[in-house]
There are 2 protein chains.
Amino acid sequence: MFTERHHHHVPTARERVRTEITAEITDAARRQLAEVGAAALSLRAVARELGMASSALYRYFPSRDELLTRLIIDGYDALGATAETADDPTAAPRERWLAVCRAVRAWALAHPHEYALLYGSPVPGYSAPQDTVPSASRVGVVLGRVLGDAARAGALPEAGGGALPEAGGGDDPRVVTPEAVAILGGEHPALDDAVRVRALLAWSSVYGTISFELFGHLVGSVADGDRYFDRAMTELARMMGL
Amino acid sequence: MFTERHHHHVPTARERVRTEITAEITDAARRQLAEVGAAALSLRAVARELGMASSALYRYFPSRDELLTRLIIDGYDALGATAETADDPTAAPRERWLAVCRAVRAWALAHPHEYALLYGSPVPGYSAPQDTVPSASRVGVVLGRVLGDAARAGALPEAGGGALPEAGGGDDPRVVTPEAVAILGGEHPALDDAVRVRALLAWSSVYGTISFELFGHLVGSVADGDRYFDRAMTELARMMGL
DNA sequence: CGACGTCCGAGAGCGGTGCTCTCGGTGTGG
DNA sequence: CCACACCGAGAGCACCGCTCTCGGACGTCG
C-alpha cells in the first residue's frame with residue numbers, strides 16, 4: 001500500500017485531504033441516516049449532497065456495507081460513551097443502574113435510526129465484521145460493571161433460592177463463555193455463572209424494553225413512556241436484588 | 001366494488017382464481033422472505049418465480065408494502081398460534097411460562113427472517129397499519145394470561161417490597177392504558193398497575209433475549225444458546241415470583 | 001346470441017439504486 | 001523533471017418499485 005518507513009509518519013497533504021473527505025462522507029451519511037434510516041440510506045444521495053459523482057465515493061468506501069459498518073462502529077462508540085459517562089461508580093447500585101438505563105434510552109430516543117441500525121434486524125446479506133465487537137460491547141460492559149460491583153459488595157443474593165432442579169440433567173456447566181466473563185469483570189467469589197446469566201438477562205431486558213418502545217410495540221399499552229421506563233427499570237433492579 | 005346482494009354470496013370463478021393466485025403470491029413471497037430476508041424481498045423476483053410479469057402483481061397487491069403487511073399479519077398469527085397452543089392452562093405457572101417462552105423462541109429460530117420482519121427495525125417509510133394490532137398482540141396476551149392467572153392464584157407477590165419512594169413525586173398514576181388492561185385480563189383485586197408493568201417488562205425481556213440471540217448480539221458471550229435461554233427464562237420467572 | 005363492460009396479463013418505460021470500468025487531470029515522491 | 005499513484009467524472013450494467021397502455025379473455029345483460 002503506502003510506505004510506512006517509521007512507526008508513524010507525518011501525514012502528507014494527500015492523506016490529510018483524504019481523511020478530511022472521508023469524514024465529510026461519514027458526516028453526510030450520518031445525516032441521511034438520521035433522516036431516512038439505514039435501509040433507505042443511498043450512496044448516491046450522499047454523493048449528491050457532497051456534490052460529487054457517485055462513483056467517486058468508491059474511492060473511500062469499497063461498498064455501501066463498508067460505509068454502514070463505519071456508521072455502526074461510530075454509533076456503538078457514541079452510545080457506549082454516553083453509558084460510560086452516565087455511570088458514577090461512587091453512587092449507590094440502584095442509582096447507578098437507573099442512571100445508565102436512562103442514558104441508554106435517552107440516546108436511543110435521540111438517535112432512533114442509529115439505534116435501529118445497531119440493534120434492529122441485521123441488514124440482509126450483511127454480517128457484522130469482527131472489528132465492531134469492541135465498540136459493541138461497551139454498554140454491556142458498563143451494565144455488567146454496575147451489577148458486578150453490587151455483587152462484590154454483597155448485593156445480588158445467590159440465585160438458587162428455590163433450589164430449582166436443572167431440567168436438562170444433573171451437571172451444570174457454565175453457559176457464559178470465558179471471554180464474556182473477562183468482559184464482565186473477571187473472576188470473583190461472589191460472581192458465579194448464575195449472576196452472570198442474570199447480568200446478560202438484565203441487559204437483554206433493558207434492550208427489549210427500549211426496542212419495544214422505539215419500534216412501536218407498546219404504543220397502545222403504555223400511556224407515559226418516560227414513567228413506564230422508570231417503573232420498569234426500577235422493578236427490574238428490585239427483582240434482581242439491586 | 002362488487003355487489004354483495006346477500007350477506008355472503010357464492011364465489012364466482014373469477015373470484016376463486018383471484019384468491020388462489022393471491023395465495024400463490026403470498027406463498028412465493030414467504031419463500032423468498034425466508035431465503036433472502038425482508039429488505040431484499042423483491043417483487044420482481046416473486047413475479048419471476050411465478051412466471052408472470054412484474055406489473056401483473058400490482059393487480060393483487062397495490063404496493064410492496066401491502067405485500068409486506070400481509071406477510072407481517074400472517075407471521076404474527078403464526079407466532080401467536082404456536083404460543084397459544086404451547087400454553088397448557090392446567091399446568092403449574094412456571095411450567096406454563098417456560099413452555100410459552102420456549103415455543104416463542106423455537107418459532108423465532110425456525111423463522112428468523114419472519115421474526116426479524118415482525119420485531120426488528122421497522123422498514124424505512126413503512127408504518128404498521130392498524131389491522132396488524134390484533135394479530136400482533138396475541139403472544140403478549142398469552143404471556144399476560146400466564147402471569148395474570150398466577151397473580152390471581154396468589155403468586156406474584158406485591159411489588160412494593162422495598163417500599164421504594166417514587167422519584168417523580170407522590171402521586172402514582174397508572175402507566176398501563178385501559179386497553180392493555182383489558183387485553184391482559186381485565187380488572188382483578190390481585191392485579192394492580194405494578195403487576196401489569198411487570199408483565200410488560202417480562203414480555204420485553206423475553207423479546208430482548210430472543211432478539212439478542214437471533215441478531216447475534218451474544219455470539220461470543222454464550223456457549224449453548226438453548227441452555228442459556230432456559231436458564232435466563234427460569235431466572236426471570238424466579239425473579240418475578242413465579 | 002351478441003354487445004358491452006370488467007378484469008387481467010404483458011410490455012414498455014421512468015426514475016432510482018449499487019457497482020464497475022475507463023479516461024483524463026493532478027498532485028507527489030524519486 | 002518526470003513518472004507514477006491517486007482521484008474525480010462520466011457512461012454503463014443490472015436490478016429495483018411503480019405506472020401506463022394495450023389487447024385479449026371472461027362474464028353479464030339486453
Side-chain angles (χ1 to χ4, degrees), chain A residues 1-6 9-26 28-29 32-33 35-71 123-127, chain B residues 1-6 9-26 28-29 32-33 35-71 123-127:
Chain A
M1 292 305 149
F2 49 83
T3 63
E4 190 172 349
R5 48 190 69 218
H6 299 95
H9 67 144
V10 288
T12 74
R14 271 268 238 269
E15 291 173 344
R16 272 193 41 250
V17 69
R18 189 176 217 288
T19 63
E20 191 173 323
I21 292 184
T22 306
E24 288 181 17
I25 293 174
T26 57
Q32 215 195 341
L33 169 63
E35 287 175 7
V36 300
L41 192 151
S42 159
L43 216 141
R44 292 175 112 111
V46 173
R48 268 194 303 270
E49 180 178 331
L50 266 56
M52 67 169 78
S54 66
S55 58
L57 271 182
Y58 288 84
R59 302 279 182 195
Y60 300 89
F61 290 93
S63 76
R64 178 179 173 274
D65 285 359
E66 296 284 335
L67 179 53
L68 276 184
T69 300
R70 179 75 260 154
L71 296 180
V123 301
Y126 174 81
S127 71
Chain B
M1 292 304 148
F2 49 83
T3 64
E4 190 172 350
R5 47 192 71 216
H6 300 94
H9 67 141
V10 287
T12 73
R14 271 272 240 271
E15 290 175 345
R16 273 194 40 249
V17 68
R18 189 177 217 287
T19 63
E20 191 174 324
I21 291 184
T22 306
E24 287 181 17
I25 292 174
T26 58
Q32 215 196 339
L33 169 63
E35 287 176 6
V36 300
L41 191 151
S42 159
L43 216 140
R44 291 176 115 111
V46 174
R48 267 195 303 271
E49 180 177 333
L50 266 56
M52 67 169 79
S54 67
S55 58
L57 269 182
Y58 287 84
R59 302 280 183 195
Y60 300 89
F61 290 93
S63 76
R64 177 178 173 273
D65 285 0
E66 296 284 334
L67 179 55
L68 275 184
T69 300
R70 179 75 260 154
L71 296 180
V123 300
Y126 175 83
S127 71

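By convention in this document, chain letters (A, B, ...) are assigned in the order of the sequence lines, proteins followed by strands, and residues within each chain are numbered from 1. All values derive from a computational prediction rather than experimental measurement.
Residue-level contact check: L41(B) touches the backbone only, with heavy atoms under 4.0 Å from sugar-phosphate atoms and none from bases.
R16(B) has no side-chain polar atom (N or O) that falls below the 4.0 Å cut-off from OP1 or OP2 of dG27(D). Residue S42(B) places at least one side-chain N or O under 4.0 Å from the OP1 or OP2 atom of dG17(D).
E24(B) is linked by a salt bridge (charged side-chain N to carboxylate O under 4.0 Å, His left out) to nothing, counting only residues two or more places apart in sequence or in another chain. Applying the side-chain contact (heavy atoms from CB on, under 4.5 Å) rule to E35(B) yields no partners; only residues at least two apart in sequence or on another chain are considered. Take R14(B) and apply the side-chain contact (heavy atoms from CB on, under 4.5 Å) test, not counting sequence neighbours, and it matches T12(B). For T22(A), the side-chain contact (heavy atoms from CB on, under 4.5 Å) partners two or more places apart in sequence, or in a different chain, are R18(A), Y60(A), F61(A).
Per the geometry, CZ belonging to R64(B) stands 14 Å off P belonging to dT19(D), to the nearest Å. Atom CG of L43(B) and atom P of dC18(D) are 7 Å apart (whole Å). Rounded to a whole Å, the CD atom of E49(B) is 16 Å from the P atom of dC15(D). What separates CZ of F61(B) from P of dT19(D) is a distance of 16 Å, to the nearest Å.
Nearest nucleotide to the side chain of Y58(B), out of dT19(D), dC19(C), dT17(C): dT19(D).
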Review point. For nucleotides 8-15 of chain C, read 5' to 3', which letter fits each nucleotide if B means a protein heavy atom sits under 4.0 Å from the base, S means only the sugar-phosphate is that close, and - means neither?
Key: BBBB-B--
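Sorted by first and then second residue, the salt bridge (charged side-chain N to carboxylate O under 4.0 Å, His left out) pairs involving residues 38-48 of chain A (not counting sequence neighbours) form an empty list.
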